[in-house]
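Structure, as structure tokens:
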Amino acid sequence: MKLIGEYPYRGDAKPGCGSKLVVRTFRAIEIAEMLTTTCSNSGCGKSVSRSEMLNYIDNSGGRDYPFQTNGEILRVATVEDINRASACADKARAELARVREIAAGRKFPAKIVDLELTLDESLLLVYYLSDERIDFRDLAQELARAYQCRIEMRQVGARDEARLVADYERCGQHCCCKNFLKVLKPISMRSAKIQKATLDPLKISGRCGRLMCCLRYEDATYEELRKRLPKNKTRVGTAEGPGIVVDSKILVQLVLVRLDPPPGAFPGEFGREIAVPVEELMDPDACPAPGEVKAPDPMRGMSQRSVREKLAAERNAKLAKQDRYREKAGGPAAPATDGASPTAAEGADDAEPGGDGGGDGAGKKRKRRRKRKKRGGEPGEASAERASGTASSGEDARDGAAPRAMRPEIAAGGDDDVGDSDEGDSDEGDSDDRGSDEGDGSADPAGEGSEGGSGGGDGAPRKRRRRRRRRGGSRGGGPEGGSGGGSGGGSQPPSA
């Protein structure tokens, strides 16, 4: 409940902002705090001109602002003055309970809120809370006899009570009414609705139980911005067609427009809703017709950086989706094995006509042959490989009991035939090969021999002549229908 006053000072000391002063006001001698200096030259930053001060008072409440000029500054407050003011404040707080007892004895219908005692203890101000006028003459006379000083009764409201006894607000700052706000004007619920604040009274009420004063700070700005927006259910035009205003945002100046449905739509069908800045609104008769804009820009109003980030996110999402489909289909293709298709196997033979068959399959076959030679061609090898799922011909099954070393024709053929019998020719596709490999006791693991004869390199014709001489010069087709041994370094691919 402090007052603001402008008083002359004629002392020798030069007080600064925040200095404590002893002043004589229209009430009594009191302790005051210096705010600033008023002078004609206000460019120093520590003073204001009188016109600026009067303009501030007019904007802060006008005639309701508690401004006084009837008084003077006696001196700069000393330590004794400050200690005396503290003692007066403590005494007023201590006497509050006694005053309330006296008021209760007099059946005073109002609540005693606070007491204030001046520096010279010549005036005691009693603040009471009441919404109606009350006759307090009997109470004032009894208090004057008890304290032997002048008594002044002041009626206050709920907001003034918070100014006297409250300290901090829910925002963490001092209550505005206690700190700087001098005129407490009423605030309506309309201000909260315009500012889109929550309408819960517990969240928008202050310490006084009334609507918070800060709702009034931006009320004028909201009113000015609201006048620029069209009202709801107003017909407006946009770059995508005409529509009706559904909602609006005051601070960002955006309007939510429901576009008219395009021609041919079902009766009663609603169109799309888009957010349009108030600057882009146009006359509904001059805007494009409904449905004329087929592909509106989905990135309208976005910055270049936002557009790049959105495109990159869409691209990454598409790649991730493709990866999920690829994993669901079985993952990456497995590498080709010895049991590949006939065309692929024959193509490998054609590419490397050296008689070894080329590729990893030929290397694996050579390792198997070396292992077989090391074991000595035991009779049980053919049956073991048949049990493991490898391919073998009917003749190999019949003659597999005889070891390879005991075969007379193979023994007569020498190392040349033993080393090249499997590499140059197939096991089942050529009848000549059967003569040298029937009693071998093993079959081609990858099944390449059963598909067709593969080229044996440069030594293939010579090996065929040797086999023909051993068999009497006869040559026949294999039981599986395979072609004869390869000639000239490779076999022909099977026909479709």
Side-chain angles (χ1 to χ4, degrees), residues 1-6 17-18 32-36 38 42 45 48 51-68 89 110-111 113-114 116 125 127-132 154-232 247-256 275 277-278:
M1 303 299 292
K2 295 180 180 179
L3 304 178
I4 305 296
E6 183 187 19
C17 298
E33 180 181 354
M34 179 177 173
L35 299 178
T36 185
T38 57
S42 59
V48 296
S51 60
E52 291 176 346
M53 184 184 65
L54 295 177
N55 187 28
Y56 172 79
I57 293 173
D58 185 55
N59 293 332
S60 301
R63 294 182 178 180
D64 297 332
Y65 196 83
F67 180 71
Q68 301 290 333
K111 174 185 176 182
V113 177
D114 197 9
E116 183 180 356
L125 289 93
Y127 299 100
Y128 65 94
L129 176 63
S130 177
D131 295 333
E132 301 177 355
R154 287 288 187 89
Q155 182 180 355
V156 296
R159 294 184 183 274
D160 292 326
E161 180 189 10
R163 172 186 291 180
L164 291 170
V165 300
D167 45 9
Y168 290 92
E169 191 47 78
R170 66 179 68 232
C171 59
Q173 302 292 332
H174 285 282
C175 292
C176 298
C177 54
K178 189 180 184 67
N179 193 18
F180 65 91
L181 199 60
K182 298 302 177 184
V183 179
L184 305 179
K185 294 183 178 180
I187 302 171
S188 63
M189 187 64 74
R190 177 173 168 274
S191 300
K193 292 181 179 179
I194 291 177
Q195 298 179 27
K196 304 293 183 180
T198 176
L199 300 182
D200 186 0
L202 297 178
K203 295 183 179 181
I204 58 177
S205 300
R207 295 287 298 271
C208 58
R210 305 292 193 273
L211 293 178
M212 292 189 293
C213 298
C214 53
L215 291 174
R216 187 162 49 91
Y217 296 162
E218 301 175 359
D219 193 41
T221 303
Y222 272 89
E223 283 288 345
E224 182 180 355
L225 294 176
R226 191 173 65 89
K227 292 179 181 179
R228 301 178 55 186
L229 298 175
K231 296 181 179 181
N232 292 349
D247 196 4
S248 59
K249 297 293 183 181
I250 297 179
L251 289 181
V252 294
Q253 294 287 282
L254 286 178
V255 179
L256 185 63
V278 66

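Values in this document were obtained by computation on a predicted structure and should not be read as measured data. Just so it is clear, the values below take in all heavy atoms, side chains as well, and ignore hydrogens, waters and symmetry mates.
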_Any residue meeting side chain to side chain contact (heavy atoms under 4.5 Å, CB included) with Y222, in chain and number order, not counting sequence neighbours_ = I194, Q195, E218, I250, L251
*C208 and A158: which non-hydrogen atoms are nearest, and at how many Å?*
CB-O, 3.4 Å
_Using every non-hydrogen atom in the two residues, find where L184 and C213 come nearest and quote the distance to one decimal._
CD2-SG, 4.4 Å
*Is it the case that more than 12 heavy atoms not belonging to N59 sit under 6.0 Å from its CG atom?*
yes
*asked:* A32: which residues meet the side chain to side chain contact (heavy atoms under 4.5 Å, CB included) condition with it, sequence neighbours left out?
replied: V23
*Minimum heavy-atom separation for A192 to L215, with atom names?*
CB-CD1, 4.3 Å
_Those residues that, when tested against E6, pass side-chain hydrogen bond (donor to acceptor under 3.5 Å, both in side chains) (two or more places apart)_ = T38, R50
_How long is the straight-line distance from CG of L254 back to OG of S248, given to the nearest 0.5 Å?_
9.5 Å
*Is the CZ atom of R63 crowded by more than 12 outside heavy atoms at less than 6.0 Å?*
no
_Looking at R163 and L181, would you say the former's side chain and the latter's main chain have a donor-acceptor pair under 3.5 Å?_
yes
*asked:* To check you understand the geometry: which heavy-atom pair defines the closest contact between V278 and R228, and what is its length?
replied: CG2-O, 3.5 Å
*Who passes side chain to side chain contact (heavy atoms under 4.5 Å, CB included) against K231, sequence neighbours left out?*
T234
*For S60, enumerate each residue passing the side chain to side chain contact (heavy atoms under 4.5 Å, CB included) test, keeping only those at least two apart in sequence or located in another chain.*
Y56, Y65
*asked:* What I want to find out is whether K2 reaches E116 closely enough, with some N-O distance under 4.0 Å, to be called a salt bridge.
replied: no
_Sub-4.5 Å side-chain heavy-atom contact between V113 and D160_ = no
*Salt bridge K111-E161, side-chain N to carboxylate O under 4.0 Å*: yes
*How long is the span from the CG atom in L164 to the NZ atom in K178, to the nearest 0.5 Å?*
7.0 Å
_Looking at P186, is its backbone amide N or carbonyl O close enough to the side chain of R159 to form a donor-acceptor pair, meaning the two atoms are under 3.5 Å apart?_
no
*Do other residues, nucleotides or ligands put more than 12 heavy atoms under 6.0 Å from the OH atom of Y168?*
no
*How long is the gap from CD1 on I204 to OG on S191, to the nearest 0.5 Å?*
10.0 Å
_Sequence neighbours excluded, every pair satisfying side chain to side chain donor-acceptor pair (under 3.5 Å) that has a member inside residues 199-214_ = D167-R207
*So, E169 side chain and C176 main chain: donor-acceptor pair closer than 3.5 Å or not?*
no
*Report the distance from atom CG of D64 to atom NZ of K182, rounding to the nearest 0.5 Å.*
14.5 Å
*State the CG-CD1 distance between L35 and I4, to the nearest 0.5 angstrom.*
5.5 Å
*Min side-chain heavy-atom separation Y128-R154 under 4.5 Å*: no
*Heavy atoms only: give me the nearest L199-K193 pair and the separation to one decimal.*
CD2-CG, 3.9 Å
*Considering all heavy atoms, the nearest A162-C177 contact*: C-SG, 4.2 Å
*Side chains of V156 and M1: does their closest heavy-atom pair fall under 4.5 Å?*
yes
